[in-house]
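Each chain gets a letter, A, B and so on, in the order the sequences are listed, and its residues count up from 1.
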Amino acid sequence: MTTEAHDPTRGDDGPPNFIRDMVEERLRQRPDAPVLTRFPPEPNGYLHIGHAKSIALNFGLAALAPQGGCNLRFDDTNPTTEDTEYVESIQRDVQWLGYQWSGPVRYASDYFEQLYQWALQLIREGKAYVDSQSLEELREGRGNFHAEGRPSPYRDRSVEENLDLFQRMRAGEFEDGQHVLRARIDMSSKDVKLRDPLMYRIRRAHHHRTGDAWPIYPMYDWAHGQSDAIEGITHSICTLEFQNHRPLYDWFLDAIGVAEPRPHQTEFARLNLTYTVLSKRKLQRLVRESHVDGWDDPRMPTIAGLRRRGVPAAAIRAFCERIGVARRDGNVDVSLLEHHIREELNASTRRVMGVLRPLKVTLENLPDDFQVTIDAPYHPEDPSFGARPLPLSREIYIERDDFMEDPPKKFFRLAPGQEVRLRYAALIRCVGVVKDASGEVTELRCTWDPETFKKNPPDGRKVKGTIHWVDAKAAVDAHVNLYDRLFVAEDPNAADDFLSTLNPRSVERLRGCKLEPSLAQLLPGHSVQLERLGYFCADLDSAPGAVRLNRTITLKDAWAKIAARQT
RNA sequence: UGGGGCGUCGGCAAGUGGUAAGCCAGCGGUUUUUGGUUCCGCCUACCGUAGGUUCGAAUCCUACCGCCCCAACCA
């Protein structure tokens with residue numbers, strides 16, 4: 001029997017959802033039916049984990065069909081906010097997540113000419129007109145939830161005049177704001193969106209792709225559905241806030257005469273995460289005001305940030321599968337994301353040792369030239385990870401947190417007179433504490449029990465604690481950044497000012513950390529588990545002589561809970 | 001006080017007339033030279049509320065309540 005390799009990007013492992021049901025039903029009726037979706041970001045910011053949900057959905061749906069595909073299309077209709085930096089980062093992030101769009105990258109700006117021709121058609125058919133009111137007049141005329149809109153005095157211009165004005169708009173004869181092109185729908189509609197929405201505005205701005213070719217730019221509603229139609233998209237998936245746009249989406253498709261089968265819009269709830277901010281505006285502000293070190297700061301929920309933090313793409317995919325897709329707004333607990341990060345890293349990383357806050361320990365009863373090399377496995381459950389040689393001599397470093405002069409109950413680590421196991425080595429007993437003038441502990445004097453080297457004590461005594469350590473001579477120095485959540489509020493969006501809920505200790509930059517020698521060669525972007533401490537990833541600038549680690553996430557810590565209860 | 005949506009365990013989320021899956025979190029235990037992992041339990045939801053239809057309703061009907069989105073020449 002051959003097992004078909006499961007494609008992790010296929011997206012059918014999570015709970016069922018109404019959109020997938022819809023697509024599967026279509027495929028039941030016609031197995032060769034095309035399923036063409038698209039991921040349509042505006043290139044005005046970096047992708048974040050909320051986008052990952054949409055990406056996983058769109059690519060996952062397309063993968064359901066033999067004739068499936070998902071396009072990457074930049075919705076680049078607003079040149080003043082868009083930039084190629086974002087065009088590039090978005091492509092990089094989508095691919096890093098493990099997805100490949102079908103065919104070339106698409107741009108709404110590729111369709112500007114077609115859109116323009118369709119607009120001329122609508123004008124000729126009396127379905128669009130040039131309005132020359134000011135912004136204020138336009139707003140006033142649109143009315144509000146309680147007041148109907150009033151027709152613009154320009155609403156009944158002749159086709160000829162409209163054509164002439166619109167062509168001159170396109171030719172660049174007018175200034176920004178002088179005219180707009182509007183669809184002639186219904187100024188008295190209860191749906192404000194249908195009160196003659198704007199199709200074009202004059203914007204004499206340089207576009208990142210079309211340069212100065214166009215002085216007019218289409219609005220979202222006029223560009224999006226038409227782009228879908230041009231590409232033959234079957235399922236136009238978007239988030240809930242676009243529900244109000246669906247009647248318009250359909251109106252424009254009707255107006256230009258796109259017949260069935262044609263694209264249809266379906267909405268789902270966007271992702272919200274606890275202790276996280278996912279609005280582009282807010283993320284932008286964090287970057288602009290330097291509350292973080294850029295879009296790829298490891299504390300950012302951006303794909304670039306998560307990547308630099310050491311979060312595997314597979315963990316993000318699994319998370320997106322797990323949270324499901326529905327129409328109700330929610331707030332997903334960030335611990336679910338953390339669960340998937342740990343799950344993935346637990347299976348994929350080597351276990352090694354490193355000491356973050358070193359405390360020197362001298363093993364008194366060992367000779368000065370004592371030296372052993374321990375063969376230590378890289379993974380406790382998976383021998384295929386192999387092993388590495390671990391040197392140990394008379395002086396080692398242990399974690400400061402692993403020693404307490406006056407320990408509380410259930411502290412299974414080092415304390416005066418107490419015994420612990422050195423991971424992969426032997427039991428040691430603390431027989432002396434050296435302090436400096438200020439009373440700070442600077443060194444521990446311990447004895448090494450050779451009878452317990454790599455085996456349990458012959459006398460049957462039980463020692464519950466095992467601590468990590470690094471040989472002092474062989475240690476590799478490193479800088480390690482410890483990250484915590486960026487916000488202290490469960491819902492930063494609920495605060496008057498989300499910045500007031502910023503976590504002042506979201507990063508701790510440690511110097512002089514001591515790592516076992518095998519870590520000197522850790523490649524940038526690669527992850528390991530530092531035993532008992534968590535998962536760490538070598539930063540972009542990490543090098544053999546200057547190792548830089550980012551902590552992706554801690555291990556679950558039962559002791560932390562016990563200790564918290566005791567205080 | 002308009003229009004469009006949505007309300008199932010602490011958080012996600014199945015279920016769409018036959019008597020409430022699963023995951024996360026939390027709690028307890030097992031295994032363990034990581035207080036990690038694994039494994040095993042517990043977490044006993046009157047399905048927003050109130051009526052109604054039905055032998056039977058989270059699922060159908062009615063009313064009410066609550067939350068989200070829409071009045072950008074943003075997407």
Any donor-acceptor pair, under 3.5 Å, between the side chain of [X] and the base of [N], if you only look at N and O atoms?
X	N	answer
A:Glu490	B:G11	no
A:Arg413	B:G35	yes
A:Arg423	B:U33	no

For [N], does either OP1 or OP2 sit under 4.0 Å from a side-chain N or O belonging to [X]?
X	N	value
A:Lys193	B:G4	no
A:Arg342	B:U37	no
A:Arg182	B:C73	no
A:Arg270	B:C68	no
A:Arg327	B:C6	yes
A:Lys561	B:C27	yes

What distance, rounded to whole Å, do you find between the two [atom1] atoms, one in [N] and one in [M]?
N	M	atom1	value
B:U1	B:A72	C1'	25 Å
B:U30	B:U38	C1'	9 Å
B:U59	B:C68	C1'	24 Å

From the set [options], return the single nucleotide nearest to any side-chain atom of [X].
X	options	answer
A:Gln529	B:G36, B:U34, B:A71	B:U34
A:Gln243	B:G4, B:A25, B:G35	B:G4
A:Asn244	B:G4, B:U34, B:G2	B:G4
A:Arg421	B:U34, B:A75, B:U33	B:U33
A:Glu381	B:A71, B:U37, B:C68	B:U37
A:Arg328	B:G26, B:C12, B:U8	B:U8

Do [Y] and [X] meet the salt-bridge criterion of a basic N to acidic O distance under 4.0 Å?
X	Y	answer
A:Glu338	A:Arg485	yes
A:Glu82	A:Arg209	no
A:Arg38	A:Glu231	no
A:Arg182	A:Asp131	yes
A:Arg532	A:Glu399	no

For this session: May I ask whether A:Trp559 stacks on the base of B:G35, given the cut-offs of 5.5 Å between ring centres and 30° between planes?
Result: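 Yes; centroid distance and tilt both under limits.
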For this session: Report yes if the distance between the aromatic ring centroids of A:Trp559 and A:Phe411 is under 6.0 Å, otherwise no.
Result: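 Between A:Phe411 and A:Trp559, which both carry aromatic rings, the centre distance is below 6.0 Å.
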Problem set entry | A:Phe242/A:Tyr220 aromatic ring centres below 6.0 Å |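 Yes; A:Tyr220 has its ring centre under 6.0 Å from that of A:Phe242.
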Exercise. Under a cut-off of 3.5 Å for both distances of each Watson-Crick or G-U pair, what dot-bracket string does RNA chain B give, using [ ] for crossing pairs and | for inter-strand pairs?
Worked result: .(((((((.[[[..)..(...]]].((((.........)))).....[[[[[..)....]]]]])))))).....
